[in-house]
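Step one of this worksheet: look at the structure below.
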Amino acid sequence: MADDDRSPEEEFQELIRQLFGGNADGIDPEQLSRLTGMGIDPAMMQTIMHNLQGAFEGNGEISWDLAQRQALHIANQDGLGVTAGQRTDLDQAFALATLWLSEATTISELATAPRTLTRGGWVEATLPVWQELAEPVATSIADALTAALRDQAPDEMQSLVQGAGRLMRTVGGSLFATQLGQVVGRLSLEVVSGGDVGIPLLPAGEAAILPQNFADFGRDLEIPEDQLALYIATRELAHARLFRHARWLRLHVISQITDFARGIHVDTDALEELASRFDPSQPEELRSALESGALLPARSEAQTAALTRLENLLATIEGWVDVVTAQATSRLPTAERIAEAVRRRRAVGGPAEQALGSLVGLELRPRRMREAAAMWRAVTDAVGVNARDALWDYPDLMPTSEDIDDPSALVARLQARARGEEPARDAMDDALEQLLAGEQGDEQGDAQGDEQGDEPPADDQRPV
């Protein structure tokens, strides 16, 4: 059939084949003019074609550059930098906080000088960690969107779906990356310091304060700015010191978060219903679904257990930081007022942190921080600073969730160890002893069998 003999419907089908084959650049403008017979505006169709063609440039991969551009656009909107006066004031606060911390903890000083960061600098420094945490969810959404399109298409359309699948994966992944960029950008307007969110976003051993947000945080507290700076600097240094000392801790936290994220599976019913009416040139509905968390189903039992473990871990970290900071800043008249403001802020979380929970399904607020802080105070009172901080030397020494519930057993073990006594036996010790005894018995039996097998035969059994 000659091209001129094709109907407008056939022209449209040919355009779709070229688009999903990745050949939108080769579309003849005259083809678009023939769509008027279907009531389609050729100019509008040309715009849609070029917009969709841009999605193919990612080759089905998630473009995290979109997240960075979006985050930096939000972070740098005010165009403000760090003034020399702000840097000098915070450097002085960090210097005094370093001295105070050395009296409150045996964990050593940082090897790298603390920094003052702009909001944009914070985005660039922390985005690699956000990408690592969010990538499992982004991949899950992109894969599910492609599968939903493939499952809904009739057999005669499967050849087109093969090309469309790459488009849908790219569109879904790019929208997620854009939403992540918006969340991180909004977070950059809220966070006061590197450890403010509770997870190790900066490289281990680095501490930083964002002067722009520090000023906003203290505006309504009616607390002298120098005292507020001292407290925030002390807390930030304590957080950074801990992660530098316990080098295994950063990986421990990140791996628990990514394990939780990998367990997230998209609500296929909601996604299939969305995919049935999805228009790639009008992605607002998918963007809204990502923002609201509508595509993430209720947590499974395994995810709930993983989240509980993560909350206990974050609470244990924050509780230690809280106690050490309180000891180090005991000279500050307003220390307790600032501490309570920080605890309330961490417990409630800001709008951007809540948006992160909707996007990734993860809440980073340590619900048990007060209980964990009470445990660390009990340990400090019972055995002192040295024995308390030594619990961070190895992962198996860390307090458990049971210790947070009731620190008395942990305190008793530490006191017995300080006296040079053997810790009291428990059910785990008995079970381990029985297991080892059984293995030793099997080894002895095998050894005896080997010895008997090596003995020469008796004289009357030797061959003639």
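Side-chain contact check for T400 and D403: at least one donor-acceptor pair (N or O, by modelled atom type) lies under 3.5 Å.
Between R345 and F217, the closest side-chain pair of non-hydrogen atoms falls below 4.5 Å. Between T88 and Q92 the shortest side-chain heavy-atom distance falls below 4.5 Å. Looking at heavy atoms from C-beta onward, V82 lies out of side-chain contact with Q212 at the 4.5 angstrom threshold. Side-chain atoms of L230 and W100, non-hydrogen and from C-beta on, do get closer than 4.5 Å to each other. Side-chain atoms of R241 and V324, non-hydrogen and from C-beta on, never get closer than 4.5 Å to each other. Looking at I107 and W320, their side chains come closer than 4.5 Å, going by heavy atoms from C-beta outward. Taking the side chain as every heavy atom from C-beta outward, R244 and S108 approach each other to under 4.5 Å.
In terms of modelled atom types and a separation under 3.5 Å, the side chain of D216 and the main chain of E190 share no donor-acceptor contact. Side-chain atoms of T105 never come within 3.5 Å of backbone atoms of L101 as a donor-acceptor pair (strictly under, hydrogens ignored). Within the 3.5 Å criterion, the main-chain N or O of P224 finds no donor-acceptor partner in the side chain of Q227. Between the side chain of R368 and the main chain of I404, no donor-acceptor pair closer than 3.5 Å is present. A donor-acceptor pair under 3.5 Å is absent between the side-chain atoms of D322 and the main chain of E318, judged by distance alone. At distances below 3.5 Å, at least one donor-acceptor pair connects side-chain atoms of E236 with backbone N or O atoms of G195. Judged by distance alone, with hydrogens and angles left aside, the side-chain atoms of R235 form no donor-acceptor pair with the main-chain N or O of A339 at under 3.5 Å.
When every heavy atom of D78 is checked against every heavy atom of A75, the shortest pair comes out as OD1-O, 4.1 Å. In terms of heavy-atom proximity, L228 sits nearest to G218 at CD2-CA, 3.4 Å. Taking all atoms of both residues into account, the shortest heavy-atom contact from I338 to I223 is CG1-CD1, 3.5 Å. A204 approaches F243 most closely through the heavy-atom pair CB-O, 4.1 Å.
Separation of atoms CH2 (W392) and CG (L242) is listed at 5.0 Å; rounding is to 0.5 Å.
Atom CD of Q77 has more than 12 heavy atoms from other residues, nucleotides or ligands within 6.0 Å.
For E340 and R337, the salt-bridge test fails: no basic side-chain N is under 4.0 Å from an acidic carboxylate O.
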